[in-house]
Amino acid sequence: MQNHEEFWLSQMMGSFDPERKKRKKPAKYPIPQEVKDRYNAAHKVWFEQKFPAAFKDGHYLTPKIPDYQTANGLTNFITNYLDWVGGDGNRINVQGRQVQGKWIASSTKVGTADISCIHPNGTSFDIEIKVGKDKASVQQLNRQDKLRRLGKIYEFISTPMEFFELYDKITSTKLF
């Protein structure tokens, strides 16, 4: 039986379980300096246009690059970049939500990509983020196949470099 002080100490400090093994994080892979420079340059141009007085007065700081080794971080990396260069990146929630203990499914179609994107040249494309051991589901592959047959771009992206390869491919494609 714990006394009052031990109880509150355990509440504040948490329990210590020496048997518990720490989960190993996947090995970090560095992104090339060119990728960082390109991300930072897009932010700088956007900041200068959005806040000219602050930029002129020297109040510019380079942005923190999101943790591109997580799905959330890579999604933020992509949506930030698209917004800064005059395109659009819209994160899509396919998961649904929980309300008062009851699960409510999303009305979004199964297999819908994580990000709906518009390139500054007007090309619309979808990106499904797959980081680490994450693999495409059958529904995502079926959705990709259907949208490609309709002429839409739907790609699986797992690194910032893959995103820029896709972005550059779309940039070099002439619409008219």
Side-chain angles (χ1 to χ4, degrees), residues 12-51 54-55 58-98 103 106 108-120 123-141 143-144 147 152-171:
M12 292 181 355
M13 301 297 288
S15 62
F16 176 74
D17 185 2
E19 298 298 315
R20 185 174 177 182
K21 293 182 181 177
K22 285 189 175 183
R23 226 173 82 195
K24 283 188 178 180
K25 287 186 176 182
K28 281 202 169 230
Y29 62 89
I31 56 176
Q33 188 62 44
E34 305 90 57
V35 170
K36 293 177 187 176
D37 292 345
R38 189 169 173 180
Y39 184 82
N40 292 334
H43 181 265
K44 186 174 184 177
V45 169
W46 170 83
F47 187 90
E48 184 177 10
Q49 292 171 351
K50 182 94 173 165
F51 307 104
F55 186 81
H59 296 293
Y60 175 73
L61 296 173
T62 57
K64 180 180 184 286
I65 295 180
D67 183 5
Y68 53 86
Q69 295 194 25
T70 66
N72 188 46
L74 185 55
T75 300
N76 288 334
F77 182 95
I78 292 169
T79 57
N80 288 346
Y81 184 81
L82 286 169
D83 290 342
W84 295 337
V85 296
D88 186 59
N90 185 26
R91 177 181 234 141
I92 307 292
N93 177 8
V94 197
Q95 184 176 358
R97 58 198 169 101
Q98 193 171 16
W103 185 257
S106 171
T108 307
K109 291 183 178 181
V110 176
T112 298
D114 294 324
I115 311 171
S116 175
C117 309
I118 301 174
H119 190 281
T123 303
S124 175
F125 60 104
D126 290 346
I127 294 177
E128 177 63 35
I129 302 295
K130 294 294 174 196
V131 175
K133 296 179 181 179
D134 197 10
K135 301 288 182 210
S137 69
V138 172
Q139 294 91 344
Q140 289 167 336
L141 292 170
R143 183 96 177 133
Q144 180 189 43
L147 292 178
K152 180 130 186 208
I153 300 166
Y154 182 121
E155 295 297 328
F156 295 97
I157 300 293
S158 59
T159 67
M161 291 75 73
E162 287 178 2
F163 165 70
F164 281 131
E165 285 175 25
L166 173 63
Y167 185 87
D168 292 342
K169 195 180 295 183
I170 293 170
T171 300

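Computed from a predicted model, the values in this text were never measured in an experiment.
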Can you check whether [X] reaches [Y] side chain to side chain, under 4.5 Å on heavy atoms?
{"X": "Phe164", "Y": "Ile157", "value": "no"}
{"X": "Leu166", "Y": "His119", "value": "no"}
{"X": "Phe55", "Y": "Lys44", "value": "yes"}
{"X": "Phe156", "Y": "Gln144", "value": "yes"}
{"X": "Thr171", "Y": "Thr123", "value": "no"}
{"X": "Lys130", "Y": "Gln140", "value": "yes"}
{"X": "Ser158", "Y": "Ile129", "value": "no"}
{"X": "Ile115", "Y": "Thr75", "value": "yes"}

Heavy-atom closest contact ([X] atom, [Y] atom, distance):
{"X": "Gly73", "Y": "Pro66", "answer": "O-CB, 3.3 Å"}
{"X": "Tyr68", "Y": "Pro160", "answer": "CB-CG, 3.7 Å"}
{"X": "Pro120", "Y": "Gly86", "answer": "CG-C, 4.0 Å"}
{"X": "Arg143", "Y": "Val110", "answer": "CD-O, 4.1 Å"}

Worksheet entry | Reference residue Tyr167; test ring-ring contact (aromatic ring centres under 6.0 Å, His included); the match among Phe77, Phe125, Tyr81 |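 So, applying the ring-ring contact (aromatic ring centres under 6.0 Å, His included) to Tyr167 and each of Phe77, Phe125, Tyr81, only Tyr81 qualifies.
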
Discussion item. As a quick check of understanding, evaluate side-chain contact (heavy atoms from CB on, under 4.5 Å) for Asp114 and Arg91, giving each step before the final call.
Written reply: CA-CA 6 Å; Asp114 294 324; Arg91 177 181 234 141; over 6 Å; no

Distance check, rounded to the nearest 0.5 Å: [X] atom [atom1] versus [Y] atom [atom2]?
{"X": "Ile127", "Y": "Thr79", "atom1": "CD1", "atom2": "OG1", "result": "9.5 Å"}
{"X": "Gln139", "Y": "Lys109", "atom1": "CD", "atom2": "NZ", "result": "14.0 Å"}
{"X": "Ile153", "Y": "Ser124", "atom1": "CD1", "atom2": "OG", "result": "8.0 Å"}

Discussion item. Working note: Phe163 + Leu82, criterion side-chain contact (heavy atoms from CB on, under 4.5 Å); need CA distance, chi angles, decisive distance, verdict.
Written reply: CA-CA 11 Å; Phe163 165 70; Leu82 286 169; 4.1 Å; yes

Item to complete: Take Tyr39 and Trp84 through the ring-ring contact (aromatic ring centres under 6.0 Å, His included) test and state the conclusion after the steps.
Response: CA-CA 9 Å; Tyr39 184 82; Trp84 295 337; 4.9 Å; yes

Discussion item. Could you go through Glu128 and Asp134, starting from their C-alpha distance and side-chain angles, then the distance that decides it, and tell me whether this counts as side-chain contact (heavy atoms from CB on, under 4.5 Å)?
Written reply: CA-CA 11 Å; Glu128 177 63 35; Asp134 197 10; 5.5 Å; no

Worksheet entry | Arg38: partners by salt bridge (Lys or Arg N to Asp or Glu O under 4.0 Å), with sequence neighbours left out |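 Expected list: Asp168.
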
Practice prompt. Ignoring hydrogens and angles, state whether a donor on the side chain of His43 or Tyr60 is under 3.5 Å from an acceptor on the partner side chain.
Written response: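 A donor-acceptor contact under 3.5 Å links the two side chains.
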
Worksheet entry | Carboxylate-amine/guanidinium contact Lys152 Asp126, below 4.0 Å |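 Yes, this pair counts.
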
Worksheet item: For Ile92 and Thr108, what are the C-alpha separation, side-chain angles and deciding distance, and is it a side-chain contact (heavy atoms from CB on, under 4.5 Å)?
Response: CA-CA 9 Å; Ile92 307 292; Thr108 307; 4.0 Å; yes

